[in-house]
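Encoded as structure tokens, the structure appears first; notes follow it.
Convention: sequence-line order gives letters A, B, ...; per-chain numbering from 1.
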Protein chains: 2
Amino acid sequence: MTKTLTRIQQRNRSAILDAGLEVFSQYGFRGSTLDQIAEAAGLSKPNLLYYFPSKEAVHTALLERLLENWLAPLQALDPTGDPIQEILGYAQRKLALSRDYPRESRLFANEILQGAPRIHNILRGDLKTMVDDKAAIISGWAEEGQIADIDPHHLIFSIWAFTQHYADFDVQVRAVLGDKPPYDGAAVFLETLYEKLLTP
Amino acid sequence: MTKTLTRIQQRNRSAILDAGLEVFSQYGFRGSTLDQIAEAAGLSKPNLLYYFPSKEAVHTALLERLLENWLAPLQALDPTGDPIQEILGYAQRKLALSRDYPRESRLFANEILQGAPRIHNILRGDLKTMVDDKAAIISGWAEEGQIADIDPHHLIFSIWAFTQHYADFDVQVRAVLGDKPPYDGAAVFLETLYEKLLTP
DNA sequence: TCTTGGTTTGACCAGTTGGTCAAATCAACG
DNA sequence: CGTTGATTTGACCAACTGGTCAAACCAAGA
């Protein structure tokens, strides 16, 4: 049913979402204008509103698409795998996400900075449930002595913080590093950091 | 000269700055309105504009005040002190800054997220200079074998990322942690993390 | 070709925005 | 008290905001 979209509809809807991602991720919801998004999408404002009923609708569509991809890497943490490799793998996957989808990262950052008005219930619901679940796995590993004894929630926070920093604070990171590319050094550092932290 | 300020001027200017901090840190520059700031300051909009010539001026004043306090903790890193204690101390000081001045942290985050249009030159100038300076000190410690051999720039990034995460992503952190207070656990985790990382 | 339904747009609207200004109010000092 | 300069405000403005709508345009099948 939902699949009944013209080629034009597909092209324009995805152009709008891409433009919305570009604009919202930079200025936040209230700081972005429909004219800006329309121009970035190569459409007139009324034409944009022919595909999405409102500014809010574009933003919501983006957030929904984002959350799917955002929670996936943590979900993939495997309780039967090698503990240190599982956590290291998760961190590297998250870093790659920042490298390859920095605008999505900044869209998320903007939403959280503004108090997460649109996704607060998801944070307290799905996200908390999943994090608590994975934290329990990590705690289990710690009790078995497979990894060092650390607080699993703050471990996860540290991974989020460090990896997202390279997308959200990109301009600062590049200003400080000068010409050096950020992500190679970051991946190496990440590896060292968590290997040393987690080795019992 | 600049000190010739009435009691009223002092009170209102600081009320405006506080209100501006509150509003700008939540909605970013473009997402904030003068009416919002004026109301938060308990003034009428024309009255606010009697003390600051424009919205931009309020924002600039806030950023300037912020940058002073923001760069101070890193500046305090002492090359003659005990390496691990110096770095640990810096990290803890930065975490305390997030705890005690979360709005300032979010104001900064908003500015960087939007591409740092107003402070880009400072990032490439003063900030980069100071970070390179401190990075050299840390590299020196590493060469002497006093701390483990890690990339000093990414070490500093990781401290920024982790500590600011608790202010900037406050709503997410609290959603995940539920009732537990964030900062106690964070301080303990921070201590463990960098002690393990830096011990040679 | 004509028709039909999806697509695009110019003109428009009411509400909001940053900012101005002259007039009114207030505080304090002689 | 009266005066003077700082302070406050209501009324106002042009530009911009999200959103509407009828009319025009266009692609494609009959």
Side-chain angles (χ1 to χ4, degrees), chain A residues 1-64 107 110-111 114 117-118, chain B residues 1-64 107 110-111 114 117-118:
Chain A
M1 294 297 158
T2 328
K3 292 294 169 189
T4 322
L5 289 176
T6 334
R7 228 174 301 118
I8 294 179
Q9 281 173 333
Q10 277 187 325
R11 171 169 51 80
N12 284 348
R13 279 187 65 95
S14 92
I16 291 167
L17 287 176
D18 191 69
L21 181 58
E22 189 71 28
V23 175
F24 283 136
S25 69
Q26 198 172 141
Y27 300 108
F29 181 75
R30 291 187 41 177
S32 304
T33 74
L34 278 177
D35 288 289
Q36 252 180 310
I37 299 170
E39 200 200 323
L43 300 172
S44 66
K45 185 170 59 172
N47 201 9
L48 185 159
L49 288 165
Y50 172 72
Y51 291 100
F52 287 87
S54 67
K55 180 185 177 185
E56 182 86 38
V58 180
H59 193 252
T60 302
L62 281 169
L63 273 185
E64 278 170 9
L107 180 73
N110 258 307
E111 177 68 12
Q114 300 186 7
R118 296 154 230 280
Chain B
M1 296 298 157
T2 329
K3 293 292 168 191
T4 322
L5 289 177
T6 335
R7 231 173 298 118
I8 294 179
Q9 282 173 331
Q10 277 187 325
R11 172 169 51 81
N12 283 348
R13 280 188 64 96
S14 92
I16 291 167
L17 287 176
D18 190 69
L21 180 58
E22 188 70 28
V23 176
F24 283 136
S25 69
Q26 198 173 140
Y27 299 107
F29 181 74
R30 292 186 41 176
S32 304
T33 75
L34 278 178
D35 287 289
Q36 252 181 310
I37 299 170
E39 201 200 322
L43 301 172
S44 66
K45 185 170 60 174
N47 201 8
L48 186 158
L49 287 165
Y50 172 70
Y51 291 99
F52 288 87
S54 67
K55 179 184 175 184
E56 181 87 37
V58 179
H59 193 251
T60 302
L62 280 169
L63 274 185
E64 278 169 10
L107 180 73
N110 259 306
E111 177 67 12
Q114 300 185 8
R118 297 155 229 280

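Distances shorter than 4.0 Å separate some side-chain N or O of Asn47(A) from OP1 or OP2 on dT9(C). Checking the phosphate oxygens (OP1, OP2) of dT20(C), no side-chain nitrogen or oxygen of Tyr50(B) falls inside 4.0 Å. Contact annotation: Gln9(B) side-chain N/O to dT7(D) OP1/OP2 distance is under 4.0 Å.
With values rounded to the nearest 0.5 angstrom, His59(A) atom NE2 is found 5.0 Å from Leu107(A) atom CG.
Rounded to whole Å, atom C1' of dT7(D) lies 16 Å from atom CZ of Phe52(B). Distance Asn12(B) CG to dA27(C) P: 12 Å, rounded to the nearest Å. Between Ile8(B) atom CD1 and dG5(D) atom P there is a gap of 17 Å when expressed in whole angstrom units. The CD-P distance, from Gln36(A) to dA15(D), rounds to 19 Å in whole Å.
Note that Arg118(A) lies in the cation-pi zone of Phe29(A), set by a 6.0 Å cut-off to the ring centre and a 45° limit from the axis.
Between Leu48(A) and Arg30(A), the residue anchored closer to the 5' end of DNA chain C is Leu48(A), taking for each the nucleotide with the nearest heavy atom. In this structure, Arg11(A) and Ser54(B) both approach DNA chain C, and ranking their closest nucleotides by distance from the 5' end singles out Arg11(A).
Remark: the backbone N or O of Arg7(A) is not paired with any side-chain donor or acceptor of Gln10(A) at under 3.5 angstrom.
Applying the side-chain hydrogen bond (donor to acceptor under 3.5 Å, both in side chains) definition to pairs two or more places apart or across chains, those involving residues 41-51 of chain A are Asn12(A)-Tyr51(A).
The base of dG18(C) sits with one of its N or O atoms less than 3.5 Å from a complementary donor or acceptor on the side chain of Lys45(B).
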